[in-house]
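What follows is one structure encoded as C-alpha cells, with my remarks underneath.
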There are 2 protein chains.
Amino acid sequence: MIYVVFVEPETPGNIGFLARTMKNFGLSQLVLINPCELEHETYYQSMHAREIIYNRQEYDSLPEFLKTEGIDYVVGTTGTAGGSYNIPRIAITPENLSQSLNVKGHIALLFGREGDGLTNQELEMCDVVVSIPTHESYPILNITHAAAIIFYELFKNEKQYPVEDLDEASLEEKQGLIDYVDDVLDKLDYPPHKKKNASLAFKRMVGRAFISGREAHTLKGMFRRIRDRIN
Amino acid sequence: MIYVVFVEPETPGNIGFLARTMKNFGLSQLVLINPCELEHETYYQSMHAREIIYNRQEYDSLPEFLKTEGIDYVVGTTGTAGGSYNIPRIAITPENLSQSLNVKGHIALLFGREGDGLTNQELEMCDVVVSIPTHESYPILNITHAAAIIFYELFKNEKQYPVEDLDEASLEEKQGLIDYVDDVLDKLDYPPHKKKNASLAFKRMVGRAFISGREAHTLKGMFRRIRDRIN
C-alpha cells in the first residue's frame with residue numbers, strides 16, 4: 001500500500017495535477033498534510049481522478065500521519081540531493097527505488113512544499129530519499145512532474161511484484177538494531193559530533209538497505225556481542 | 001539536435017510547463033505550431049526556463065516546419081496507442097525510444113493538442129510513435145507530464161550529459177568497510193557459522209544501501225574504534 005503524501009501544498013491546482021498522475025499510474029491513496037484551501041482548480045486539474053480528491057486523508061502534521069497510519073517505510077523526495085547535511089545523503093534514483101521497494105508494507109511517499117520542498121527535519125524521518133537525475137542547468141522540477149516520473153518508474157516495475165518474499169524488517173526491528181549501535185557508540189569515547197555522524201550514517205544505511213527481519217536479528221546479535229566485549 | 005514540437009497548444013500555461021521540463025532535462029529548442037496566444041501564465045509556469053519561450057520558433061503548419069528545418073526523424077507521442085487508426089501502429093515505450101534514438105540527426109519530438117492529441121494525418125508523418133505505459137483505469141496523462149517522462153527517459157540514457165554525481169562509495173571503499181567488520185568479528189569468539197552469517201548480513205546490507213564514500217569512511221572509523229577497544 002503506497003500513500004502519496006503532499007506536505008503543506010501551497011497551490012490548489014497542484015493537488016489536482018498530483019491526483020491525476022496518481023490515477024494514471026494506478027495509485028489511489030492521497031494524504032494532505034496541513035494543505036492550502038482546496039479550490040475549483042484542484043478538482044478541475046484532477047480531471048477524471050476526482051475521486052482521489054474526495055477520498056483524500058488530511059492530517060495536521062507529518063508525525064501524526066505516520067503514527068496514526070502505522071507507516072513502515074518513509075520515502076522522501078528532493079530536488080537537491082546531498083546539499084547541506086552533515087553527512088550528505090545519497091539520494092537514490094527513481095529506478096533504484098522501483099527495483100528495491102517492497103510494496104507489501106505501508107509505504108509513505110512524501111512530496112514537499114512547492115517552494116521549499118521537505119525540511120531537513122522531515123527528511124530525517126525518511127528511510128530513503130529519492131532524487132531525479134536532471135540537467136545541472138536547472139535541476140528543480142515542478143513537484144507534480146517529479147511525482148509523475150517517480151510514479152511511472154514504480155508502475156513500470158509493478159509486474160515484478162510481489163517480489164520474492166523479502167520479509168522486510170519491521171520499523172521496530174530496525175530501531176532495535178540502531179539502538180544497539182548507539183549503545184556501542186556511547187561506549188567508544190567518540191567526540192559527540194563524530195558519534196552523531198556515525199549513528200546517522202548507520203541509520204541511513206539501514207534505511208536504504210531493505211534488510212530482512214533475519215538480517216536485523218543477526219546484526220543485532222553482532223552488536224550485542226560487541227557491546228558485551230567492550231563492557 | 002532534438003526539437004520539441006507542441007502542435008496547436010490550447011492552454012498558455014502548458015507551454016510554460018513544457019519549457020520548464022525541457023530545461024530540467026537539458027533540452028532547449030521549442031517549436032510551436034499554430035499556437036494559442038502566449039500569456040503571462042506561459043512565462044510564469046516556465047519559471048527559470050523563460051529563455052526557451054523567448055527563443056522558440058513558430059510555424060503555421062507541421063509540414064512547413066519539417067521541411068524548413070530539414071528534420072530527419074519524426075517521433076510522435078500518443079496516449080492511446082494502436083487504438084483507432086486506419087493503419088494501427090505499434091507504439092514503442094519511452095525506454096525503447098531512449099535506447100534507440102540517435103541524437104546526432106535533426107529529430108522532432110511531437111506533442112499534440114491538449115484535448116485531441118495528434119491527428120491521424122500527423123501521426124502518419126511520424127517515423128515512430130511513443131506511448132507511456134499507464135494504468136488502464138485512466139490512461140490519459142496531462143501533456144506536460146507525459147513530456148516530462150519522455151524527456152527523463154531520454155536524459156537517463158544520454159551519456160553526453162553530465163549526470164549528477166552521486167558519489168557512491170567505490171567497490172574498494174565498501175570492501176574496506178567490510179574488511180574492518182570481519183576483523184572485528186574475528187575477535188568476538190563467535191562460532192564460525194554465526195560469524196559467517198553476520199559477515200554476510202553486513203555485506204549484503206552494504207551492497208543494497210547505495211552508501212556514499214563519506215558514509216563508508218564514517219562507518220569504517222566506527223569499526224576501527226571498536227576493534228581498537230576490543231584489542
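All chains are named by letter (A, B, ...) in the order of the sequence lines, taking the proteins before the strands, and each is independently numbered beginning at 1.
For chain B, the nearby parts of A:V206 are the backbone and the side chain; heavy atoms of each come within less than 4.5 Å. For A:A216, no part lies under 4.5 angstrom from a heavy atom of chain B. Looking at A:E153, only its side chain comes within 4.5 Å of chain B, counting heavy atoms on both sides. Within the 4.5 angstrom heavy-atom criterion, no atom of B:A147 approaches chain A. For chain B, the nearby part of A:L185 is the side chain; its heavy atoms alone come within less than 4.5 Å. Looking at A:F151, neither its backbone nor its side chain comes within 4.5 Å of chain B, counting heavy atoms on both sides.
In terms of heavy-atom proximity, B:I149 sits nearest to A:A148 at CD1-O, 3.8 Å. When all heavy atoms of A:M205 and B:M205 are compared, the pair lying nearest together is CE-CE, 3.5 Å. Listed here is the closest heavy atom pair of A:Y190 and B:T218: OH-O, 4.4 Å. Of all the heavy atoms in A:A198 and B:L219, the pair that sits closest is O-CD2, 4.1 Å. Between B:N24 and A:N142 the shortest heavy-atom distance is OD1-N, 4.5 Å.
We find the CZ-CZ distance between A:F17 and B:F17 to be 5.0 Å, quoted to the nearest 0.5 Å. B:S137 OG to A:E51 CD: the interatomic distance, rounded to the nearest 0.5 Å, is 7.5 Å.
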- In sequence, state the C-alpha distance, the side-chain angles, and the governing distance for B:I132 and A:F25, and then conclude on side chain to side chain contact (heavy atoms under 4.5 Å, CB included). CA-CA 10 Å; B:I132 295 170; A:F25 295 109; 4.1 Å; yes
- Please assess B:E95 against A:K156 for the test side chain to side chain contact (heavy atoms under 4.5 Å, CB included), listing each intermediate value before the final yes or no. CA-CA 10 Å; B:E95 240 177 342; A:K156 264 203 324 192; 3.2 Å; yes
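Distance alone, capped at 3.5 Å, is enough to place a donor-acceptor pair between the B:R20 side chain and the A:I140 backbone.
Counting heavy-atom pairs closer than 4.5 Å to chain A, the top-ranked of the candidates B:T144, B:T21, B:L200 is B:T144. Looking only at heavy-atom pairs under 4.5 Å with chain B, the residue among A:V184, A:I230, A:L27 that has the most is A:I230.
Between A:I226 and B:R229, the closest side-chain pair of non-hydrogen atoms is not below 4.5 Å. Inter-residue side-chain proximity for B:M222 and A:K195 is flagged as unmet; no heavy-atom pair is nearer than 4.5 Å.
The aromatic ring centres of A:H48 and B:Y138 sit less than 6.0 Å apart.
Note on A:E215 versus B:K203: no salt bridge recorded, every NZ/NE/NH1/NH2 to OD/OE distance being 4.0 Å or above. Electrostatic pairing of B:D189 and A:R225 does not count as a salt bridge here, judged by no charged N lying under 4.0 Å from a carboxylate O.
Taking the six-membered ring where tryptophan is involved, the planes of A:H135 and B:F155 are perpendicular, since the angle between them exceeds 60° and thus also 30°.
Within 6.0 Å of atom NZ in B:K196, 12 or fewer heavy atoms from other residues, nucleotides or ligands are found, so the atom counts as exposed in its surroundings. Within a 6.0 Å radius of OH in A:Y44, no more than 12 heavy atoms belonging to other residues, nucleotides or ligands are found.
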